[in-house]
Undergrad: 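Sharing a structure, written as structure tokens. Questions coming.
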Amino acid sequence: MVVLVSPEPEGAGRLRVLDAGSSERISDHTTADLAGWIASYEAEHQPRWVFPATDELYPALLDAGVRVARCHDLTLTEGILLAHDGRHGTPRNPLAAWARLHRAPEPPDRPPPARDAQPALFETDQRLVLLDQAEEVYRDQLQRIDAIDRMRLLVAAESAGALAAAEMTYHGLPWNEEVHRALLVDMLGPKPAPGARPAKLAELADRIIAAFGGYALNPDSPPSVVRAFARQGIEIPSTRAWVLREVDHPAVEPLLEYKELARMWTAHGWTWIDSWVHGGRFRPEYVVGGVVSGRWATRGGAALQLPKALRTAVRALPGWSLVVADAAQLEPRILAALSEDRRLAEVSADIDLYASLAADSFDGDRGRAKIAMLSAMYGGTSGGAGPLLAVLRKRFPQAVGHVEQAAAAGEQGLMVRSVLGRTSPRPSERRLELMGATEESSLQKSRQASREWGRFTRNFVVQASAADWALVLLVTLRRRLAETAPKAEIVFYQHDEIMVHTPADQAETVTAELLAATEETTHLVFPGTPVKFPLDLSTVDRYSDAK
DNA sequence: TGCCCTGGCGCC
DNA sequence: AAAGGGCGCCAGGGCA
């Protein structure tokens with residue numbers, strides 16, 4: 001069964017049941033208790049729910065204790081299909097999609113909610129998506145999906161990902177606030193009065209000023225630091241840490257320490273705790289498909305940038321465990337599978353791909369092997385990467401050719417796609433103009449603009465395909481855990497890493513499901529590939545102990 | 001005062 | 001070790 005859902009204010013809604021195979025209409029329903037209706041229908045039929053926007057509806061369902069297994073998200077699907085046509089940025093909300101079918105004015109997408117806005121239960125504004133509209137858009141999307149190879153898998157994964165994202169926010173990451181506070185006191189000193197610097201930072205600021213001969217400066221202000229060095233006859237292009245490290249001056253050491261601590265204070269200090277940790281859980285909001293490559297973003301809390309030093313605050317509850325799975329060296333393996341490079345596939349059989357690559361082509365020098373591979377995937381040539389890349393190209397022509405072709409496409413302003421069909425945006429008008437410039441005077445800038453975009457598309461094919469693979473892994477795992485370890489909670493997902501919080505006696509089941517899900521994912525995304533995708537797996541009490 | 005840009009740095 | 005690709009967040013600082 002397929003059930004179209006039209007949420008209405010105050011928890012009410014309308015629904016339309018379609019036959020999954022024939023798509024014939026079976027029945028219409030009106031209810032004042034949408035969550036209750038969905039709960040009982042889910043228990044009996046497990047249909048595919050068609051939601052206008054999962055992130056607007058599903059959190060309220062979860063609050064009401066309702067989980068669903070499968071959905072089709074009209075908004076996310078529209079976004080992927082538009083992007084496939086080179087129409088990034090076109091409004092993707094279902095009313096806009098409906099309007100396009102009727103050549104009517106398209107309402108713009110809603111801007112993301114303000115940070116402190118508390119959404120009302122089942123909030124829909126004035127933007128009700130009627131059942132007839134949802135049905136038309138859904139049927140249109142099905143046709144467009146069927147016309148594109150592999151698109152069915154991509155939109156199914158994206159939609160299931162939206163369910164997983166809302167569930168992760170609902171569960172939250174188990175966060176031990178006391179541990180975090182103790183860590184802050186240890187690093188920064190006691191919590192300062194409002195407006196004051198923590199003691200350690202104040203002390204370091206004094207040391208920095210003393211090292212500059214007592215001349216006042218603000219270490220938080222890069223220009224002020226550059227000026228201070230200039231007064232001493234030291235010219236630096238910026239105050240980046242790796243620039244400062246090359247400078248021989250007594251202010252460098254306290255400055256570097258200051259930067260590190262200041263970062264912890266401003267980005268993950270006491271204010272962060274008050275804003276983001278409640279009831280022992282850190283609840284960031286994930287933005288599915290928030291990055292063009294299909295990686296997720298987060299809204300608030302910087303959840304995808306948790307400093308390693310803070311991971312000790314992520315602790316399983318008593319009697320529970322954290323199962324942490326990290327896809328080892330995912331991107332080069334993705335490149336091996338994408339390009340169908342036999343020899344690179346053989347190299348990927350080793351759990352340490354770079355060591356294996358080093359043994360194969362770089363006289364066992366793992367560091368050089370890694371630089372070569374990264375420069376192939378990212379387009380870098382500094383640090384002597386050029387000759388190393390040449391070695392790689394000679395030995396793995398198919399793999400290197402694959403990314404170089406993507407780079408060439410980008411330099412010509414063409415779009416490239418991930419393995420499942422997620423599509424890169426076109427360069428902006430401004431950049432296209434620059435790239436096409438032929439006057440002698442702007443040739444240099446023109447080439448630079450083209451090269452930059454080539455680096456972007458070169459990386460896009462790998463990063464976006466890795467995001468495809470990881471997303472399918474996430475939703476495959478979610479489906480399997482619902483069957484075999486229903487108490488286990490997926491609590492964190494970060495590009496190539498998944499964390500499950502589970503009753504300790506289920507940890508082995510979770511681990512087995514992760515391995516099985518990885519096999520299943522690889523067969524789905526890269527059917528028949530010989531490339532191996534090993535996981536680094538740990539079962540721990542605290543995140544910092546993983547790996 | 002609020003808005004927007006930049007530099008810098010955390011993660012992958 | 002960084003760089004080369006992708007992000008989000010914060011403080012400073014210029015401007016209206």
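Hydrogens, waters and symmetry mates play no part in the numbers below; they use all other heavy atoms, side chains included. Chain identifiers are assigned alphabetically (A, B, ...) following the order of the sequence lines, protein sequences preceding nucleic acid strands; residue numbering begins at 1 within each chain. Here the structure is a predicted model, which is why all the values come from computation and not from measurement.
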Undergrad: Answer yes or no for this row: A:Tyr378 ring on C:dG4 base, centroids under 5.5 Å, planes under 30°.
TA: no
Undergrad: Quick one: A:Glu257 CD to B:dG8 C1', roughly how many Å, whole number?
TA: 18 Å
Undergrad: Taking all non-hydrogen atoms of both residues into account, name the closest pair between A:Val252 and A:Phe229 and its distance.
TA: CG2-CZ, 4.1 Å
Undergrad: For A:Trp265 and A:Thr271, test the side chains for any donor-to-acceptor distance below 3.5 angstrom and give the result as yes or no.
TA: no
Undergrad: So, does A:Thr239 get its side chain near the phosphate of B:dG8, meaning an N or O under 4.0 Å from OP1 or OP2?
TA: yes
Undergrad: Establish, yes or no, whether the cationic atom of A:Arg455 lies under 6.0 Å from the six-membered ring centre of A:Tyr378 and within 45° of the ring axis.
TA: no
Undergrad: Looking at B:dC12, C:dG12, B:dG10, which one has an atom nearest to any side-chain atom of A:Asp220?
TA: C:dG12
Undergrad: State which of C:dA3, C:dG13, C:dG5 makes the closest approach to the side chain of A:Ser221.
TA: C:dG13
Undergrad: Which part of the nucleic acid, if any, lies within contact of A:Leu374, taking any heavy atom under 4.0 Å across all strands shown: a base, the sugar-phosphate backbone alone, or nothing?
TA: base
Undergrad: For A:Arg451, answer base if it contacts any base atom (sugar-phosphate contacts may also be present), sugar-phosphate if it contacts only those atoms, and nothing otherwise; contact means non-hydrogen atoms under 4.0 Å.
TA: nothing
Undergrad: To the nearest Å, give me how far apart CG (A:Leu255) and P (C:dA11) are.
TA: 18 Å
Undergrad: Heavy atoms only, 4.0 Å cut-off, all strands: where does A:Ser224 land among base, sugar-phosphate and nothing?
TA: nothing
Undergrad: A:Ser375 near the nucleic acid: base, sugar-phosphate alone, or nothing, with a heavy-atom cut-off under 4.0 Å?
TA: nothing
Undergrad: Any carboxylate oxygen within less than 4.0 angstrom of a Lys/Arg side-chain nitrogen, looking at A:Arg447 and A:Glu411?
TA: no
Undergrad: Write down the partner of C:dG8 under the Watson-Crick or G-U wobble criteria, each distance required to be under 3.5 Å.
TA: B:dC9
Undergrad: Looking for any heavy atom pair under 4.0 Å, which part of the strands does A:Arg295 touch: base, sugar-phosphate only, or nothing?
TA: base
Undergrad: With the 90 degree cut-off around zero defining syn, does C:dG6 come out syn or anti?
TA: anti
Undergrad: The side chain of A:Lys308 lies closest to which of these nucleotides: C:dG12, B:dC12, B:dG8?
TA: B:dC12
Undergrad: Is the backbone N or O of A:Thr77 less than 3.5 Å from a side-chain atom of A:Arg92, with the two atoms forming a donor-acceptor pair by type?
TA: no
Undergrad: What is the separation between atom CZ on A:Arg263 and atom P on C:dG8, rounded to the nearest whole Å?
TA: 13 Å
Undergrad: Identify which nucleotide among C:dG6, C:dC7, C:dA3 has an atom closest to any side-chain atom of A:Ile371, counting heavy atoms from C-beta outward.
TA: C:dA3
Undergrad: Under 4.0 angstrom, heavy atoms only, what part of the nucleic acid is A:Arg240 near: base, sugar-phosphate, or nothing?
TA: sugar-phosphate
Undergrad: Need to verify one output field. Residue with the more 5' nearest nucleotide on DNA chain C, A:Glu452 or A:Thr266?
TA: A:Glu452
Undergrad: Starting at the 5' end of DNA chain C and moving along, which residue's nearest nucleotide shows up first, A:Ser293 or A:Trp242?
TA: A:Trp242
Undergrad: Measure CH2/A:Trp453 against P/C:dG4 and give the value in whole Å, please.
TA: 18 Å
Undergrad: In whole Å, what is the span from the NZ atom of A:Lys259 to the P atom of C:dA11?
TA: 15 Å
Undergrad: Assign A:Gln463 to base, sugar-phosphate, or nothing according to its heavy-atom contacts below 4.0 angstrom with the strands shown.
TA: base
Undergrad: How many whole angstroms separate atom CG of A:Leu217 from atom C1' of C:dA11?
TA: 15 Å
Undergrad: Is there a Watson-Crick or G-U wobble partner for C:dA3 with both distances under 3.5 Å, and if so, which one is it?
TA: none
Undergrad: The side chain of A:Asn459 lies closest to which of these nucleotides: B:dC12, C:dG6, B:dG8?
TA: C:dG6
Undergrad: At 4.0 Å (heavy atoms only), tell me whether A:Ala241 reaches a base, stays on the sugar-phosphate, or touches nothing.
TA: sugar-phosphate
Undergrad: With rounding to the nearest 0.5 Å, note down the distance linking CH2 in A:Trp469 to CD1 in A:Ile334.
TA: 7.0 Å
Undergrad: From CD of A:Glu285 over to P of C:dC7, roughly how many Å is that when rounded to an integer?
TA: 19 Å
Undergrad: Can you tell me if A:Asp468 and A:Ser418 form a side-chain donor-acceptor pair at under 3.5 Å?
TA: yes
Undergrad: What integer distance in Å separates A:Asp365:CG from C:dA1:C1'?
TA: 14 Å
